[in-house]
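Note that the numbering runs from 1 along the sequence shown for the chain.
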Amino acid sequence: MYTNFDEMPITLSVEQAAEALSISAVSLYKIIKKDSTFPAIKMGRRIVIPKENLKKWIDKKVNS
């Protein structure tokens with residue numbers, strides 16, 4: 001687990017992002033599938049989440 005935002009890599013795996021959000025990877029996959037605004041990028045067979053975009057997405061959800 002990361003102790004602060006700056007320690008995180010530029011992109012997160014679904015598992016890393018789920019851990020940062022304190023939810024399960026299964027729950028995050030459901031969010032990715034259901035919420036078209038979630039900042040997931042498909043790279044081949046892999047899904048990555050840019051940490052800056054994840055932060056913006058969270059901020060937007062909190063402020064809406």
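Residues forming a salt bridge (charged side-chain N to carboxylate O under 4.0 Å, His left out) with Lys30 (at least two apart in sequence, or on another chain): none. Shown here are the side chain to side chain contact (heavy atoms under 4.5 Å, CB included) partners of Lys56, two or more places apart in sequence or in another chain: there are none.
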Atom pairs and distances, side-chain donor-acceptor, residues 36-48, under 3.5 Å, sequence neighbours left out:
| unit_1 | atom_1 | unit_2 | atom_2 | d |
| --- | --- | --- | --- | --- |
| Thr37 | OG1 | Asp35 | OD1 | 2.5 |
| Thr37 | OG1 | Asp35 | OD2 | 3.3 |
| Thr37 | OG1 | Trp57 | NE1 | 3.3 |

Under 3.5 Å, sequence neighbours excluded: what are the donor-acceptor pairs made by side chains of residues 17-25?
| unit_1 | atom_1 | unit_2 | atom_2 | d |
| --- | --- | --- | --- | --- |
| Ser24 | OG | Ser27 | N | 3.0 |
| Ser24 | OG | Ser27 | OG | 3.0 |

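Val26 forms part of no hydrophobic cluster, judged by ILVMFWY side-chain heavy-atom separations under 4.5 Å.
Within the structure, no pair that satisfies the ring pair (Phe, Tyr, Trp, His ring centres under 6.0 Å) test touches residues 5-36, not counting sequence neighbours. Screening residues 1-17 for salt bridge (Lys or Arg N to Asp or Glu O under 4.0 Å), with sequence neighbours left out, gives no hits.
Between the CG atom of Asp59 and the CG atom of Leu54 there is a distance of 9.5 Å, given to the nearest 0.5 Å. Rounding to the nearest 0.5 Å places CD1 of Ile58 at 11.5 Å from CG of Asn63.
In terms of heavy-atom proximity, Met8 sits nearest to Lys51 at O-NZ, 3.2 Å.
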